[in-house]
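One structure below.
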Amino acid sequence: MNEPQITALVAEMFGREPLSVVHQPFGHCSVTYAVALPGRSVMVRTNTDPKVFATTQRNLAILSALGLPVPQVIAADFTLSRYPFAWMILDKIPGCDLRYALGAMTFAQMTQLAGQIVEFQRRVTALPQGSGYGYVGIGEPGPYASWWELIQPEATLHETDVLLAECQRRVQRQYRELEATLRTAPPLCFLDDITVKNVIIQDGVLQGLIDFDCVCYGDPLYWLALTATGVVSDVGMRALFYVDELKRLWGLDAEQERTLALYSATMALDFLHRFAASETPEWKARMEAAVEQWLTLAEQQ
C-alpha cells in the first residue's frame, strides 16, 4: 500500500479528496496513515494479512462499553476485494504518544494520568478470565497453557558482553525461584501495550488509547514492566515518577514488587540486546543501570 492508494480509498469513502496523507512511522506489522480532510482527520490502518484485524472491532466495542476512550471505527474492509490490503478507517485522536509528552509533563499530570490508566486496566482485568494465556482478542482462547510457558526466559545465552551475560544468568536464576508462582498466575485480561505508546496525550492530558488488535491474558504486571522499561529507554529517569505512581495506585505487595522488577530487568536486557548497537553510549549506560537496579530488587528475599 502507498499514499496514492490511501488517497483513492479515502476519496471513495468520503466523497472528497483528502488534504494530506501522511505515513506514520510506527507499528510493527500494520501500516498506518494520518489523513486530513476538510473539517476532520482520520487514521487509516492497513495490513496485507486480514487476520491481524480479525478481532480489532470487537475489542474496541468491548473497551468502549467499559468506558475506555478508544477510537470509533468509521469503516472497514478485510476482503481485499477492492484494494490489496485489509483496511480500517478510525477517528483520529488529537495528540501524540506518551513517550513524546511525558518528559514535559508535571508530576501532578503524571499522577492524574497514572490514576486513569490504572482504572482502565482494573476494568479490563475484571472481565472474565481467559481460557489459556497469550495475545489474542478479548474472549478468545490463548495459545499457551500457563503464564510460565509464555514468559520463561531462554536458557541459551546470546550476549557476548560479559556484563550482560552475567545479568542474563541472574535473571534465569530468579525465574527458577519464582517458577511455582508464575506457573499458577491466573489468566487475567489486560492491555499489554498502553505503555509509552498508544496512550495519546495533548497538553499533558489524556485524549485516548489506540491499537487494540489484541489484548493479553496473564499477569498484568507485565504491562507495568514494559511501561517502566519504555520510560527508561525513551524518556528518561525523571519520568519514572509516572511508573512509581502506577505502582502505588496498583497497590503492589512485596512479592509483586519482586516479580515486577524481574520482568523489568528481562525487558531491559532484551532492549539492550536488540537496540544497543544503534543507540548512544548514554542510552546504554542508562539501561544497564536500570537492569542492575531491577535485578538487585528482584534478588531480595
Side-chain angles (χ1 to χ4, degrees), residues 55 59 62-63 66 68 114 117-158 167-195 212-231 243-271 273 290-301:
T55 61
N59 292 341
I62 292 171
L63 296 175
L66 291 176
L68 275 64
I117 297 299
V118 166
E119 172 59 25
F120 295 149
Q121 288 282 24
R122 292 294 192 197
R123 295 178 194 178
V124 175
T125 59
L127 290 170
Q129 292 188 14
S131 56
Y133 297 74
Y135 302 94
V136 292
I138 296 175
E140 298 289 316
Y144 296 93
S146 70
W147 182 239
W148 172 259
E149 185 181 334
L150 173 60
I151 57 90
Q152 62 179 308
E154 295 182 11
T156 303
L157 295 177
H158 298 291
C167 287
Q168 194 171 358
R169 292 187 186 92
R170 292 165 66 189
V171 162
Q172 291 170 354
R173 285 196 295 270
Q174 292 309 305
Y175 272 99
R176 287 194 293 271
E177 291 192 15
L178 291 174
E179 180 176 351
T181 298
L182 297 175
R183 282 191 180 277
T184 58
L188 298 178
C189 184
F190 67 95
L191 307 177
D192 60 290
D193 214 15
I194 54 168
T195 54
F212 295 106
D213 296 331
C214 66
V215 295
C216 189
Y217 283 91
D219 183 358
L221 293 183
Y222 218 59
W223 144 75
L224 223 172
L226 184 55
T227 303
T229 305
V231 166
V243 177
D244 290 338
E245 289 296 87
L246 289 172
K247 290 165 56 178
R248 178 181 66 83
L249 294 165
W250 196 260
L252 304 184
D253 60 28
E255 183 173 346
Q256 288 174 318
E257 285 273 11
R258 182 184 177 194
T259 302
L260 174 61
L262 180 57
Y263 291 161
S264 301
T266 304
M267 293 175 183
L269 277 174
D270 180 62
F271 274 40
H273 178 73
V291 169
E292 179 59 36
Q293 179 180 344
W294 284 326
L295 267 177
T296 300
L297 178 57
E299 290 165 342
Q300 293 178 358
Q301 302 297 319

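Quick note: residue numbers are just sequence positions, from 1.
- Of all non-hydrogen atoms in Arg122 and Leu249, the two that sit nearest each other are NH2-O, 4.2 Å.
- Pro187 approaches Gly132 most closely through the heavy-atom pair CB-O, 3.6 Å.
- Between Trp223 and the options Phe190, Phe120, Trp250, a ring pair (Phe, Tyr, Trp, His ring centres under 6.0 Å) holds for only Trp250.
- Looking only at side-chain heavy atoms (C-beta outward), Val124 and Leu66 come within less than 4.5 Å of each other.
- Summarising the geometry of Gln174 relative to Ala298, their closest heavy-atom pair is OE1-O, 3.1 Å, with the distance given to 0.1 Å.
- A 4.5 Å side-chain heavy-atom check between Arg170 and Thr296 finds at least one atom pair inside the cut-off.
- The shortest distance between side-chain heavy atoms of Asn59 and Asp213 does not fall below 4.5 Å.
- Each ring-ring contact (aromatic ring centres under 6.0 Å, His included) pair with one or both residues in residues 126-151, not counting sequence neighbours, appears once here: Trp147-Tyr222.
- Using a 3.5 Å distance cut-off with no hydrogens or angles, the side chains of Glu255 and Thr259 do not pair a donor with an acceptor.
- Counting only heavy atoms from C-beta outward, the side chains of Val243 and Lys247 approach each other to under 4.5 Å.
- Distance check: Arg176 CZ to Gln152 CD gives 11.5 Å after rounding to the nearest 0.5 Å.
- From Tyr217, atom OH reaches atom CG of Leu188 across 10.0 Å, with rounding to the nearest 0.5 Å.
- Using a cut-off of 4.0 Å between Lys/Arg side-chain N and Asp/Glu carboxylate O, Glu177 and Arg173 are scored as not salt-bridged.
- Side-chain atoms of Gln256 come within 3.5 Å of backbone atoms of Asp253 as a donor-acceptor pair (strictly under, hydrogens ignored).
- The closest side-chain heavy-atom distance from Gln300 to Arg258 is not below 4.5 Å.
- Taking 4.5 Å as the limit, some side-chain heavy atom of Leu252 sits within range of a side-chain heavy atom of Leu221.
- The shortest distance between side-chain heavy atoms of Thr229 and Thr266 does not fall below 4.5 Å.
- To the nearest 0.5 angstrom, Gln172 atom CD is 10.5 Å from Leu262 atom CG.
- Looking at every heavy atom in both residues, Asp192 comes nearest to Leu226 through O-CD2, 3.8 Å.
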Quiz prompt | Test side chain to side chain contact (heavy atoms under 4.5 Å, CB included) applied to Ile138 and Thr55, step by step | solution = CA-CA 8 Å; Ile138 296 175; Thr55 61; over 6 Å; no
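- What you find for Pro141 and Val136 is that their closest heavy atoms are O-CG1, 3.5 Å.
- With values rounded to the nearest 0.5 angstrom, Met267 atom CE is found 9.5 Å from Trp294 atom CH2.
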Practice problem: Please test Leu182 against Tyr263 for side chain to side chain contact (heavy atoms under 4.5 Å, CB included), starting from the C-alpha separation and ending with a verdict. | Solution: CA-CA 11 Å; Leu182 297 175; Tyr263 291 161; 3.3 Å; yes
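- Of the inter-residue distances, the one linking Thr227 atom OG1 with Leu246 atom CG reads 6.5 Å to the nearest 0.5 angstrom.
- Between Ile117 and Ile194, the closest side-chain pair of non-hydrogen atoms falls below 4.5 Å.
- For the atom pair SG of Cys214 and CG of Leu191, the computed distance is 10.0 Å after rounding to the nearest 0.5 Å.
- Heavy atoms only, all atoms of each residue included: Cys189 and Val215 are closest at SG-CG2, 3.7 Å.
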